[in-house]
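Excluded from the calculations below are hydrogen atoms, water molecules and symmetry mates; all remaining heavy atoms, backbone and side chain alike, are included.
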Amino acid sequence: MSEVIAGITIPDTDLVHEATSLVRDVADDTLFNHSRRVFLWGALKSAARGLDIDLELAYVGGLFHDLGLTSAYATTDQRFELDGAEAARQFLLEHGRSEQEARNVWLAIALHTTPEIPLRLAPEVAVVTLGVETDVLGLDLDEITDAQRAEVVAAHPRPDFKNKILHAFYEGMVNRPDTTFGTMNDDVLAHFDSSFRRKDFVEIIENNAWPE
């Protein structure tokens, strides 16, 4: 029987069950509940904006978007977003989804910390950013009713979430600081580590190998 939260039906399919099990096994409660909320907020906002989304693809995008912050999937040589994106793409291809569908979910996860661009791409790309912006940044909460908000949070609580997600971001990126260049993620490292020095785009241009 399908699970319904705040009017959003979580598909009762093998793909969804396996995605849930995979993430539940490697993510702590903070990341797991956050990931499920991202799916739910994204689905609710997509409905409010008239976007027609594939709920299975949206679910994998939401569930896998922070896999790169877990020890099971984290690398040290690329952005954490790419870790989750590549895991999701492989998972979807192994479950019979098309290359284009897998690519859209890859984009959804890879770009979820890049403002504006995902919202101009396919609905399955936009839905993850809509969910992340809601749960982490609190953007456009007026698109979700008080009753919907209460039901989602009852199903997936967010105790001390602001503090816990910041620590999860830091722990997932501290061993790959250079990968945060050009993203908002360097704000997190600077917040927790006063010795962290961000790469400077202007300095890179001024000091690169091209002669003047």
Is it the case that Arg37 places NZ or CZ above or below the six-membered ring of Phe161, under 6.0 angstrom from the centre and within 45 degrees of the axis?
-> yes
What is the minimum heavy-atom distance between Pro177 and Thr180, and which atoms define it?
-> O-OG1, 2.7 Å
Should Asp29 and Arg24 count as side-chain neighbours, where that means a heavy-atom distance under 4.5 Å?
-> yes
All heavy atoms of Ala58 vs all of Ile53, minimum pair found to be CB-CD1, 3.9 Å
To the nearest 0.5 Å, tell me how far Asp178 CG sits from Leu189 CG.
-> 10.0 Å
Arg79 and Thr113: CA distance, side-chain angles, deciding distance, side-chain contact (heavy atoms from CB on, under 4.5 Å) verdict = CA-CA 11 Å; Arg79 290 170 54 166; Thr113 58; 3.3 Å; yes
Could you tell me whether a side-chain N or O of Thr129 sits under 3.5 Å from a main-chain N or O of Ala126, the two making a donor and an acceptor?
-> no
pair Arg158-Lys164: side-chain heavy atoms closer than 4.5 Å | no
Side chain Asp66, main chain Leu69, donor-acceptor under 3.5 Å = no
Aromatic ring proximity, centroids under 6.0 angstrom, His191 and His167 = no
Would you say Asp160 has more than 12 foreign heavy atoms packed within less than 6.0 Å of its CG?
-> yes
Donor-acceptor contact below 3.5 Å, side chain Glu18 vs main chain Leu15 | no
Shared hydrophobic cluster for Leu40 and Val136 (ILVMFWY, side-chain gaps under 4.5 Å) | yes
Pick from Thr134, Asp135, Val128: which one makes a side-chain contact (heavy atoms from CB on, under 4.5 Å) with Val132?
-> Val128
For the atom pair CG (Asp54) and CG (Asn104), what is the distance rounded to the nearest 0.5 Å?
-> 10.0 Å
Interatomic distance, NE2@His34 vs CD1@Ile165, rounded to 0.5 Å, equals 4.5 Å
Would you say His95's side chain and Leu92's backbone share a donor-acceptor pair under 3.5 angstrom?
-> no
Keeping the roles fixed (side chain from Asn208, backbone from Ile205), state whether a donor-acceptor pair exists under 3.5 Å.
-> yes
For Thr13 and His17, what are the C-alpha separation, side-chain angles and deciding distance, and is it a side-chain contact (heavy atoms from CB on, under 4.5 Å)?
-> CA-CA 6 Å; Thr13 64; His17 296 319; 5.8 Å; no
Check: Arg36 and Tyr59 side chains under 4.5 Å, non-hydrogen atoms = yes
Tell me whether Leu67 is reachable from Leu57 by hopping between hydrophobic residues (I, L, V, M, F, W, Y) whose side-chain heavy atoms are closer than 4.5 Å.
-> yes
With side chains defined as the heavy atoms from C-beta onward, is the minimum distance between Ile10 and Ser2 less than 4.5 Å?
-> no
Backbone of Pro11 reached by a side-chain donor or acceptor of Thr9 within 3.5 Å = no
Check: Val16 main-chain N/O paired with Thr20 side-chain donor or acceptor under 3.5 Å | yes
Heavy-atom closest pair (Gly62 atom, Ser35 atom, distance to 0.1 Å) is O-CB, 3.4 Å
Side chains of Leu22 and Tyr73 in contact at under 4.5 Å (non-hydrogen atoms) = yes
Kindly give the heavy-atom pair with the smallest separation between Gly68 and Ala74, and that separation in Å.
-> O-CB, 3.4 Å
Look at Asp187 together with Arg198 and state whether they make a salt bridge at an N to O cut-off of under 4.0 Å.
-> yes
Report the C-alpha distance between Arg149 and Thr145 in whole Å, list the side-chain angles of each, state the deciding distance to 0.1 Å, and finish with yes or no for side-chain contact (heavy atoms from CB on, under 4.5 Å).
-> CA-CA 6 Å; Arg149 192 186 314 180; Thr145 69; over 6 Å; no
Lys/Arg N to Asp/Glu carboxylate O, Glu133 vs Lys45, below 4.0 Å | no
Phe32 side chain near Leu63 side chain, heavy-atom distance below 4.5 Å = yes
Student check: side-chain heavy atoms of His156 and Glu151 closer than 4.5 Å | no
Please check if Ile144 and Leu55 belong to a single hydrophobic cluster, counting links between Ile, Leu, Val, Met, Phe, Trp and Tyr side chain heavy atoms closer than 4.5 Å.
-> yes
Taking C-beta and beyond as the side chain, do Asp186 and Phe196 meet within less than 4.5 Å on heavy atoms?
-> yes
Could you tell me whether a side-chain N or O of Glu94 sits under 3.5 Å from a main-chain N or O of Phe91, the two making a donor and an acceptor?
-> no
What distance separates Glu81 CD from Met173 CE, expressed to the nearest 0.5 Å?
-> 8.0 Å
Would you check, one step at a time, whether the test side-chain contact (heavy atoms from CB on, under 4.5 Å) holds for Val38 with His65?
-> CA-CA 9 Å; Val38 162; His65 85 279; 3.6 Å; yes
One should read off an interatomic distance between Phe64 CZ and Gln90 CD, to the nearest 0.5 angstrom, of 10.5 Å
Please confirm whether the backbone N or O of Thr75 pairs with a side-chain atom of Asp83, one donor and one acceptor, at under 3.5 Å?
-> yes
Which atoms form the tightest heavy-atom contact between Ala88 and Val60, and what is the distance?
-> CB-CG1, 4.0 Å
Same apolar cluster: Leu121 and Trp106, side chain cutoff 4.5 Å = yes
Tell me, with the steps shown, if Arg49 and Asp140 meet salt bridge (charged side-chain N to carboxylate O under 4.0 Å, His left out).
-> CA-CA 12 Å; Arg49 297 184 183 201; Asp140 300 314; 3.4 Å; yes
Is Leu111 reachable from Leu51 through a run of I, L, V, M, F, W or Y residues, each pair having side-chain heavy atoms under 4.5 Å apart?
-> no
Nearest-0.5 Å distance that lies between atom CZ in Phe80 and atom CD1 in Ile109 = 10.5 Å
Any sub-3.5 Å donor-acceptor pair from Arg89's side-chain atoms to Gly84's backbone N or O?
-> no
